[in-house]
Amino acid sequence: MADDLKKGLEGVLVAESQLSSIDGDAGRLIYRGYSIEDLAEGASYEEVLYLLWHGQLPDAGELESFTDAMVAERAVDDAILEAVRSLAEADETPMAALRTATSMLSAMESESDVDAEDAEASLRKGRRITAKIPTVLAAFERFRQGEEPVAPDPDLGHAANFLYMFTGEEPDDVAAETFDQALILHADHGLNASTFTAMVIGSTMADVYSSLTGGIGALSGPLHGGANQDVMEVLFEIEESHLDPRDWVEQATDEGRRIPGFGHRVYNVKDPRAKILQRRSEELAETGDDTWYEITTTIEDYLTEEKGLVEKGIAPNVDFYSGSVYYQLGIPIDTYTPIFAMSRAGGWIAHVLEYQRDNRLIRPRARYTGPEDQTFVPLEER
Ligand SMILES: CC(=O)SCCNC(=O)CCNC(=O)[C@H](O)C(C)(C)COP(=O)(O)OP(=O)(O)OC[C@H]1O[C@@H](n2cnc3c(N)ncnc32)[C@H](O)[C@@H]1OP(=O)(O)O
Ligand SMILES: O=C([O-])CC(=O)C(=O)O
């Protein structure tokens with residue numbers, strides 16, 4: 001057995017997948033062969049879910065039945081809503097509340113879908129969870145605002161319905177399209193940390209609720225999905241400092257701080273999703289507040305042109321521009337990472353089911369560096 005140590009599993013191949021592929025040098029991302037640019041431009045999040053879960057884009061009839069099935073699963077049980085209310089009253093963060101509520105959703109699972117080894121049942125469960133996450137997240141927001149939840153609107157798509165339940169108002173076309181695009185961009189990304197976490201759990205043949213709950217936990221960290229919230233916090237910090245963003249960033253990097261939204265394990269160039277989100281941020285800035293777009297582009301130009309970070313392979317990732325987009329849609333910053341989870345649920349489910357089709361328990365090993373041959377001393381003699 002090879003003894004070379006791959007810290008952080010960098011570059012280690014552990015599975016074959018037909019779901020998404022990243023060219024880190026060219027800055028290209030595809031889902032099942034379709035470029036992220038084409039999907040973001042032409043598809044809806046529901047079409048992308050269908051593509052990931054069923055292997056091809058749906059025709060009109062397939063999309064209609066798929067969408068109807070998702071819509072039928074949006075409502076969540078009152079017992080879950082009461083638990084979400086308690087979490088909001090306890091000042092839980094939305095990400096932690098989502099993690100807890102996702103796990104709780106299994107309590108309402110129908111008897112016939114309990115078998116974790118039944119792939120069709122797992123897909124149905126995955127669809128149910130994906131349909132319910134927006135309802136849970138929106139209800140959490142309503143409770144913490146002292147309001148009652150807004151029931152899902154069956155006439156609205158996945159993205160627009162979330163914004164409607166979240167704010168209590170039907171979004172305009174720009175907001176609905178922008179949000180739908182953001183969901184598409186975040187739906188899948190190879191074996192990132194949260195997807196791998198979900199797969200490790202799935203490889204034990206645990207049920208899909210466990211995989212998704214684990215995926216949410218892994219996504220929450222600041223090195224992964226949590227960075228989108230951190231980016232917005234940095235933008236606030238810069239604004240409040242009244243410093244030129246260039247000076248702020250110089251000071252921060254001199255102090256050894258990492259700039260959230262920069263750097264990636266796979267991309268050595270700008271993330272293609274960041275390019276699309278940057279355009280959306282720019283469009284929203286044209287008709288609204290351009291503060292955040294201006295600060296982000298100034299930071300990017302400074303770090304790439306003057307600090308030469310891009311030459312070191314450290315460029316903006318998907319999280320760098322998503323924050324300013326969500327901010328302009330009026331979404332509170334601690335909900336940015338849960339929104340990422342709401343979208344990535346699609347990718348987690350797709351990868352777990354794909355892996356389980358030819359499953360092998362994921363079980364790497366560590367090089368032991370501890371002591372050997374210790375003499376045991378009983379407690380009373382220590
Ligand atoms: C959806 C997503 O998950 S995208 C990633 C979201 N996370 C972030 O934006 C957080 C900031 N970025 C980072 O911490 C990293 O770039 C990661 C965790 C994403 C990738 O990390 P890794 O591939 O493990 O690279 P690693 O942490 O080894 O860094 C390599 C070098 O780049 C530097 N570097 C990496 N990211 C940054 C950054 N954001 N700002 C400044 N320097 C950075 C590191 O300091 C290190 O430099 P050194 O070799 O001189 O010590
Ligand atoms: O691929 C990664 O490591 C992180 C990422 O960009 C994602 O999960 O979208």
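Since the model is a prediction, treat every value here as computed from it, not as a measurement. Numbers here simply count residues along the sequence, with the first being 1. Numbering of ligands and ligand atoms starts at 1, following listing order.
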When the side chains of residues 211-226 are checked against the rest of the protein, which donor-acceptor pairs come out under 3.5 Å, sequence neighbours left out?
unit_1	atom_1	unit_2	atom_2	d
Ser211	OG	Ala198	O	2.9
Ser211	OG	Gly202	N	3.3
Thr213	OG1	Tyr209	O	2.6
Ser220	OG	Gly217	O	2.7
His224	NE2	Asn192	OD1	3.3
His224	NE2	Ser194	N	3.2
His224	NE2	Ser194	OG	2.9

In terms of side-chain heavy atoms, does [X] have a donor or acceptor partner in [Y] at a distance below 3.5 Å?
X      : Y      : result
Asp271 : Asn317 : no
Ser122 : Gln356 : no
Glu64  : Thr67  : no
Tyr293 : Gln328 : no
Gln229 : Glu233 : yes
Thr298 : Asp301 : no

### Query
Do Leu191 and His351 have side chains that get closer than 4.5 Å, going by heavy atoms?
yes
### Message
If we set the cut-off at 4.0 Å for heavy atoms, which region of His264 has an atom near ligand 1: side chain, backbone, both, or neither?
### Response
both
### ligand 1 versus Ile314: contacting region, heavy-atom distance under 4.0 Å
side chain
Nearest protein heavy atom with distance in Å, relative to [atom]:
atom                    : value
atom 3 (O) of ligand 1  : His224 ND1, 2.7 Å
atom 22 (P) of ligand 1 : Arg265 NE, 3.6 Å
atom 10 (C) of ligand 1 : Pro222 O, 3.6 Å
atom 11 (C) of ligand 1 : Phe262 O, 3.3 Å
atom 40 (N) of ligand 1 : Ile259 N, 3.1 Å
atom 1 (O) of ligand 2  : His189 ND1, 2.7 Å

Would you call [X] and [Y] a salt bridge, taking side-chain N to carboxylate O under 4.0 Å as the test?
X      : Y      : answer
Glu37  : Lys275 : no
Glu282 : Arg279 : no
Glu73  : Arg124 : no
Glu237 : Arg257 : yes
Asp334 : Arg144 : yes

### Task
Determine, using heavy atoms of Gly226 and all atoms of ligand 1, whether some pair is separated by less than 4.0 Å.
no
### Message
Using heavy atoms and a 4.0 Å limit, tell me yes or no: is Leu223 in contact with ligand 1?
### Response
yes
[X] heavy atoms, cut-off 4.0 Å: which ligand 1 atoms fall inside?
X      : result
Ala227 : 6 (C), 7 (N), 8 (C), 9 (O)
Gly261 : 8 (C), 9 (O)
Asp319 : 1 (C), 2 (C), 4 (S), 6 (C)
Val318 : 1 (C)
Phe340 : 1 (C)

Look up [atom] and tell me if a protein heavy atom lies less than 4.0 Å from it?
atom                    : result
atom 13 (C) of ligand 1 : yes
atom 27 (O) of ligand 1 : yes
atom 24 (O) of ligand 1 : yes
atom 51 (O) of ligand 1 : no

## Note on the structure
Closest heavy-atom approach to atom 46 (C) of ligand 1 among Lys7, Arg258, His186 is made by Arg258
### Task
Give the single entry among His264, Arg265, His224, Arg344 that approaches atom 2 (C) of ligand 2 most closely by any heavy atom.
His264
### Query
What atoms of ligand 2 come within less than 4.0 Å of a heavy atom belonging to Arg273?
5 (C), 6 (O), 7 (C), 9 (O)
